[in-house]
There are 2 protein chains.
Amino acid sequence: MDMTVSPDQPGDNPNCRRVSAVLSRLGDKWTILAVTMLVERPRRFNELKRLIGGISQQMLTRTLKSLEQDGMVLRKVYPTIPPKVEYSLTTMGQSLSEPLLQLASWVLKNIEQIESKRASLKIHNDEIF
Amino acid sequence: MDMTVSPDQPGDNPNCRRVSAVLSRLGDKWTILAVTMLVERPRRFNELKRLIGGISQQMLTRTLKSLEQDGMVLRKVYPTIPPKVEYSLTTMGQSLSEPLLQLASWVLKNIEQIESKRASLKIHNDEIF
DNA sequence: CGGTATCCTAGATGATACTG
DNA sequence: CAGTATCATCTAGGATACCG
């Protein structure tokens, strides 16, 4: 599972792509947010929906299902009326949350700079066209 | 820029979505790999293409342009014949690479477990359908 | 060598309605 | 409450051809 790269190594790098496949799943529009919302404690479906904000019901369902299939999230159903479903992080999910929170923290520290850079480019383009 | 969440706080969370927007850009299919390939030293366009492997020319162009617009990557053109273009990480790009490499490292440590879990679910579904 | 331009498709996402 | 089902839209990404 070596991701180091010898200089100018030609051809494809299968390990890179296996890792990339997982990363691009983690990096979809909602996954990281969902995991973040589960760090503190288990949450119910609609609770997560409110916390995340702006996610459609369907996408929350899919996101949670993917996380469950990858072993990051545990789904527990309480057969009450009305039904209650609680989502929590597995051990692997908790360990994932550590680098994820570090990344989120980096984004928070740098988001002003990123957004202002994007904005300035936009203005520049607007001047040209 | 508070990402902490008071319990059951209703409504949308704009900060979450600003962060999410950046994260989902970072998490696309190629960005993280591209940044990783630039950590060691600057690289030329086709060098990156070879290192990443499997990326189309167009997507590499787009990925690098996005990173440049966000201030992560510096693009330096040497007006030689044939043309030579070198990409390197900016200071912000270097600082980004730290949490990114930690995340990549986490994936490497857990990828076997994730892939086997996915595979076992696939077998299970194949038995049903 | 390091790109653009164009076209195309699968999949991601959203909106809405319905259900146990 | 916690979903499914269905339909519509948008975009990421690939393939290919061309360019300075």
Side-chain angles (χ1 to χ4, degrees), chain A residues 8 10 12 16-17 20-34 37-38 42-70 73-88 125 128-129, chain B residues 8 10 12 16-17 20-34 37-38 42-70 73-88 118 125 129:
Chain A
D8 298 324
D12 294 356
C16 277
R17 266 179 287 136
S20 168
V22 174
L23 285 176
S24 86
R25 277 279 9 269
L26 295 179
D28 71 5
K29 197 170 177 182
W30 302 113
T31 298
I32 296 182
L33 273 179
M37 296 309 172
L38 290 171
R43 305 277 187 182
R44 298 179 61 174
F45 185 86
N46 278 328
E47 192 183 358
L48 282 171
K49 191 167 184 312
R50 277 193 309 278
L51 289 171
I52 295 175
I55 189 173
S56 68
Q57 200 171 30
Q58 191 183 50
M59 282 315 297
L60 182 55
T61 302
R62 290 186 194 174
T63 302
L64 290 169
K65 195 160 291 180
S66 292
L67 284 169
E68 192 190 359
Q69 287 176 354
D70 284 353
V73 158
L74 196 66
R75 178 177 181 271
K76 183 163 186 184
V77 183
Y78 298 86
T80 57
I81 297 178
K84 170 178 170 178
V85 183
E86 218 173 50
Y87 294 89
S88 58
N125 288 337
I128 294 175
F129 305 110
Chain B
D8 297 326
D12 294 357
C16 277
R17 264 178 289 134
S20 167
V22 174
L23 284 175
S24 86
R25 276 277 11 267
L26 294 179
D28 72 4
K29 196 171 178 184
W30 300 113
T31 297
I32 296 183
L33 272 180
M37 296 310 174
L38 289 172
R43 306 275 188 183
R44 299 180 62 175
F45 184 87
N46 277 328
E47 191 183 358
L48 281 171
K49 191 167 183 313
R50 278 194 308 278
L51 289 170
I52 294 174
I55 190 174
S56 67
Q57 198 172 32
Q58 190 184 51
M59 283 313 298
L60 181 53
T61 300
R62 289 185 194 175
T63 302
L64 290 170
K65 194 159 292 182
S66 292
L67 284 169
E68 192 191 358
Q69 286 176 354
D70 284 354
V73 158
L74 195 67
R75 179 177 182 272
K76 183 163 187 183
V77 183
Y78 297 86
T80 57
I81 296 178
K84 170 177 170 179
V85 182
E86 217 174 49
Y87 293 90
S88 58
R118 285 185 185 176
N125 287 337
F129 303 109

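Everything numeric in this text was worked out from a predicted model, so none of it was measured. Naming convention: chains lettered A, B, ... in sequence-line order (proteins, then strands); numbering from 1 in each chain. In what follows, every heavy atom counts, from backbone to side chain, and hydrogens, waters and symmetry copies are set aside.
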Practice task
Establish whether the base of dG13(D) is bridged to the side chain of R62(B) by a donor-acceptor pair shorter than 3.5 Å.
Solution key: yes
Practice task
Give, for atom OG1 of T63(A) and atom CD1 of I32(A), the distance between the pair rounded to the nearest 0.5 Å.
Solution key: 11.5 Å
Exercise for the section: Verify, without hydrogens or angle tests, whether T61(B) (side chain) and Q57(B) (backbone) share a donor-acceptor contact under 3.5 angstrom. Expected result: yes
Exercise for the section: First locate atom CZ of F45(A), then atom CG of L60(A), and finally report the distance between them rounded to the nearest 0.5 Å. Expected result: 4.0 Å
Fill in the blank from the handout: Separation of dG11(C) atom P from W30(A) atom CH2, nearest Å, is 22 Å
Practice task
Using whole Å, report how far OH of Y78(B) lies from P of dG3(C).
Solution key: 13 Å
Exercise for the section: Just compare dG3(D), dG2(C), dG13(D) and give me whichever is closest to any side-chain atom of M59(B). Expected result: dG13(D)
Completion exercise
Counting primed atoms, P, OP1 and OP2 as sugar-phosphate and everything else as base, the B/S/- map of nucleotides 15-20 of chain C against protein heavy atoms under 4.0 Å is B----B
Practice task
Take atom CD1 of I55(B) and atom P of dG3(C), then tell me their distance rounded to the nearest Å.
Solution key: 13 Å
Problem - Atom pair CG (L33(A)) and CG (L51(A)), whose distance is rounded to the nearest 0.5 Å - result: 10.5 Å
Handout entry: Partner of E47(B) under salt bridge (Lys or Arg N to Asp or Glu O under 4.0 Å), chosen from R44(B), R50(B), R43(B)
Key = R43(B)
Practice task
State the CD-CZ distance between Q58(B) and R62(B), to the nearest 0.5 angstrom.
Solution key: 3.5 Å
Handout entry: Shortest side-chain distance from K29(B), nucleotide among dG13(D), dT4(D), dG2(C)
Key = dG13(D)
Practice task
Round to the nearest Å and state the distance from E68(A) atom CD to dA2(D) atom P.
Solution key: 15 Å
Exercise for the section: Check the distance between dG2(C)'s P and L51(B)'s CG and give it to me in whole angstrom. Expected result: 12 Å
Practice task
May I ask you to verify if any side-chain N or O of R44(A) is less than 4.0 angstrom from the OP1 or OP2 atom of dC1(D)?
Solution key: no
Problem - Nucleotide dC1(C), atom P - distance to CZ of R43(B) in whole Å - result: 16 Å
Handout entry: Sugar-phosphate only, base, or nothing, as touched by R25(B) at under 4.0 Å among non-hydrogen atoms
Key = nothing
Handout entry: Value in whole Å for how far the P atom of dG13(D) lies from CG of L60(B)
Key = 13 Å
Exercise for the section: State, yes or no, whether a side-chain contact exists between Y87(A) and L38(A) at a heavy-atom distance under 4.5 Å. Expected result: yes
Handout entry: Spacing of K65(B) atom NZ relative to dT4(C) atom C1', expressed in whole Å
Key = 8 Å
Exercise for the section: Have a look at Y87(A) and say if it touches a base, only the backbone sugar-phosphate, or nothing, with a 4.0 Å heavy-atom cut-off. Expected result: sugar-phosphate
Problem - Nucleotide nearest R75(B) (side chain, heavy atoms from C-beta), chosen from dG3(C), dG3(D), dG2(C) - result: dG3(C)
